Novice: 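Dropping the structure in here first, questions after.
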Number of protein chains: 2
Amino acid sequence: MNRPEPPPKKATRIQKKNRKAILQAALEVFSQRGFGGSTIDRIAERAGLSKPNLLYYYPSKEAIYVAVLEDTLEFWLEPLAALDPNGDPIEEIGRYVSAKLEMSRTRPEASRLFANEILHGAPAIGNFLTGPLKELVDEKAAVIKKWIAAGKLRPVEPRHLIMMIWAVTQHYADFDVQVRAVLGDVITPARRFADAEATLMTTLFEGLRPR
Amino acid sequence: MNRPEPPPKKATRIQKKNRKAILQAALEVFSQRGFGGSTIDRIAERAGLSKPNLLYYYPSKEAIYVAVLEDTLEFWLEPLAALDPNGDPIEEIGRYVSAKLEMSRTRPEASRLFANEILHGAPAIGNFLTGPLKELVDEKAAVIKKWIAAGKLRPVEPRHLIMMIWAVTQHYADFDVQVRAVLGDVITPARRFADAEATLMTTLFEGLRPR
DNA sequence: GTCTATAGACGGATAGAC
DNA sequence: GTCTATCCGTCTATAGAC
């Protein structure tokens, strides 16, 4: 028998390219239609592959789904991980808000993919939420607590503050159609995000700055 | 001619009961699993009906879905509609935040149903978003603008402020699993919502109050 | 006795997986 | 390309309300 690859003998150039295409296609399809509303066929088509070929790379629809999620998870935590305990609190939080808002603008599909997953009870990434995510939030909550103790921020619940920032920034990706409907189509995307940032900064900053 | 009701010859007691049971069951199923992940069979089972019997009341899966959405829409706008132009701005906004948070606590499935629908591009309620919803938001944005002009609020974009309130309050329903994962299961629901409200009020109020 | 309400069984199409 | 499972929607027969 003359089988070239048992597991991943070589990370073939073609394999890398196809895997990437599949993940990108899956991200677009899953984020737009949810897991149940997506079909392998559609993902394969958008990736430029046949369905059997796609199933050669990932054994099942669920496997693709999990792969896309995991592929995006790490990237998703970056901005919060970058919160610097030694920086100026207001500045650091401002930077975090900006970064998250920027992610909503440039990667709305990723935001929607997570939103959909969590909305439905996080069947695939429950362990991520109670594990790495919670740990990171705990760590950063401690930082915020110290800032508050030092009188550099008004006293608020750090974890709720963090989630509040998630909510307001991701809203512009997850609820995009509603945002556009409410603002009207005359408002350009650039203007929309600039106004959003200004509003968030005003309320958050003035609400957090101690007197 | 002496016809009391032309279309619904009699609103049979049994019909009312079944329709209500179907809508309730559909709300639970659709909000938990999305449209594509839900089956008529499951909805019928939860409503205590056979599938053909359910389809006797609503002609298709989509008809049930639309019916549930419409059944909840009006109710959903109530708190915003109640914003009183003659009231104290900070008080009115506080009341609105409280009311929305309370809805997230008591009717999370409704919130999730909308979130899912909008997340996927609002195929069924697009006209509602650009119609009644936009109109109501426009009306209330004008009220907020007047408050700002009168120096009673800091200058912010009214529409973004309204959406910001939607985002932070609905977050506690839509992303419930994540909220619980991050806070840990030791925090009781009552405590969770109390902390949320305190954090929202502090940041929002202090951020909106003029100096 | 007539109309409403209910269910069992099935067709047909879609889509996951080999 | 095929096999199979799932699931929407219908056909038909019957039980029950008024």
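It should be emphasised that the depicted structure is a prediction, and the values quoted were computed from it without experimental measurement.
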Novice: Taking donor-acceptor contacts at under 3.5 Å, does the side chain of Lys51(A) reach the base of dG16(C)?
Specialist: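 Pair found.
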Novice: Select one nucleotide: of dG9(D), dA5(C), dG16(C), the one nearest the side-chain heavy atoms of Tyr57(B).
Specialist: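 When the side chain of Tyr57(B) is considered, dA5(C) is the closest of dG9(D), dA5(C), dG16(C).
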Novice: For dT6(C), does OP1 or OP2 lie under 4.0 Å from any side-chain N or O of Tyr56(B)?
Specialist: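 The answer is no; no side-chain N or O of Tyr56(B) sits under 4.0 Å from OP1 or OP2.
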Novice: Please determine whether a side-chain nitrogen or oxygen atom of Asn53(B) lies at a distance below 4.0 Å from atom OP1 or OP2 of dA7(C).
Specialist: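 For Asn53(B), the contact criterion (side-chain N or O under 4.0 Å from OP1 or OP2 of dA7(C)) is met.
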Novice: What nucleic acid atoms does Ser50(B) come within less than 4.0 Å of, heavy atoms only: base, sugar-phosphate, or nothing?
Specialist: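 If one applies the 4.0 Å heavy-atom cut-off, Ser50(B) turns out to touch a base.
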Novice: Does dA5(C) have its OP1 or OP2 closer than 4.0 Å to a side-chain nitrogen or oxygen of Gln15(B)?
Specialist: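 Yes.
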Novice: Check every atom of dC8(D), dA15(C), dA7(C) against the side chain of Thr39(A) and return the nucleotide holding the closest atom.
Specialist: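 For Thr39(A), the side-chain atoms sit closest to dA15(C).
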Novice: To the nearest Å, give me how far apart CZ (Arg42(A)) and P (dT14(C)) are.
Specialist: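 One finds 12 Å between P of dT14(C) and CZ of Arg42(A), rounded.
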Novice: Output the single nucleotide from dC8(D), dA9(C), dC18(C) whose closest atom is nearest the side chain of Pro52(A).
Specialist: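 Given the options dC8(D), dA9(C), dC18(C), the side chain of Pro52(A) is closest to dC18(C).
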Novice: Expressed as a whole number of angstroms, how long is the span from Lys17(B):NZ to dT4(C):C1'?
Specialist: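 After rounding, the gap between these two atoms is 14 Å.
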Novice: For Tyr65(B) and Phe35(B), take the angle between the two ring planes, folded into 0 to 90°, and tell me which bin it lands in: parallel under 30, tilted 30 to 60, perpendicular over 60.
Specialist: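 Taking Phe35(B) first and then Tyr65(B), their aromatic rings stand perpendicular (interplane angle over 60°).
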Novice: Mind calculating the distance between CD1 (Ile40(B)) and P (dC10(C)) to the nearest angstrom?
Specialist: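 Taking CD1 of Ile40(B) and P of dC10(C), I get 19 Å after rounding.
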Novice: Counting side-chain heavy atoms from CB outward, which of dT6(C), dG1(D), dA17(C) is closest to Asn18(B)?
Specialist: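 Between dT6(C), dG1(D), dA17(C), the one nearest the side chain of Asn18(B) would be dT6(C).
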Novice: Report the distance from atom CZ of Arg19(B) to atom P of dT6(C), rounded to the nearest whole Å.
Specialist: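 It works out to 11 Å between those atoms.
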Novice: Between Phe30(A) and Arg112(A), is there a cation-pi geometry (under 6.0 Å to ring centre, at most 45° from the normal)?
Specialist: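 No, cation not above the ring by the 6.0 Å, 45° rule.
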Novice: To the nearest Å, how far apart are Asp41(A) CG and dG1(D) P?
Specialist: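 Atom-to-atom, Asp41(A) to dG1(D), this comes out as 14 Å.
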Novice: Using a cut-off of 4.0 Å on non-hydrogen atoms, how would the nucleic acid contact of Leu55(A) be classed: base, sugar-phosphate, or nothing?
Specialist: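 Base: the residue Leu55(A), judged by heavy atoms under 4.0 Å, touches a nucleobase.
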Novice: Looking only at the side chain of Ser60(B) (C-beta and beyond, no hydrogens), which of the listed nucleotides dT6(C), dG1(D), dG9(D) gets closest?
Specialist: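 When the side chain of Ser60(B) is considered, dG9(D) is the closest of dT6(C), dG1(D), dG9(D).
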Novice: I need the OH-C1' distance between Tyr58(A) and dG16(C), as an integer number of Å.
Specialist: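 My rounded result for the distance is 18 Å.
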Novice: To the nearest Å, give me how far apart CD1 (Ile64(A)) and P (dA17(C)) are.
Specialist: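 Taking CD1 of Ile64(A) and P of dA17(C), I get 9 Å after rounding.
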Novice: Would you sort out whether Arg180(A) and Asp176(A) count as a side-chain contact (heavy atoms from CB on, under 4.5 Å), showing the intermediate values?
Specialist: CA-CA 6 Å; Arg180(A) 282 188 288 111; Asp176(A) 178 62; 2.9 Å; yes
Novice: I'd like to know if Arg95(B) pairs up with Glu92(B) as an ion pair, taking the criterion as any Lys NZ or Arg NE/NH1/NH2 lying under 4.0 Å from an Asp or Glu carboxylate oxygen.
Specialist: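 Salt bridge: yes.
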Novice: Nearest 0.5 Å, please: how far is CD in Glu117(A) from CZ in Phe175(B)?
Specialist: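 CD of Glu117(A) is found 11.5 Å from CZ of Phe175(B).
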Novice: Glu62(B) CD to dC7(D) P: how many Å, rounded?
Specialist: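 Glu62(B) atom CD is separated from dC7(D) atom P by 18 Å.
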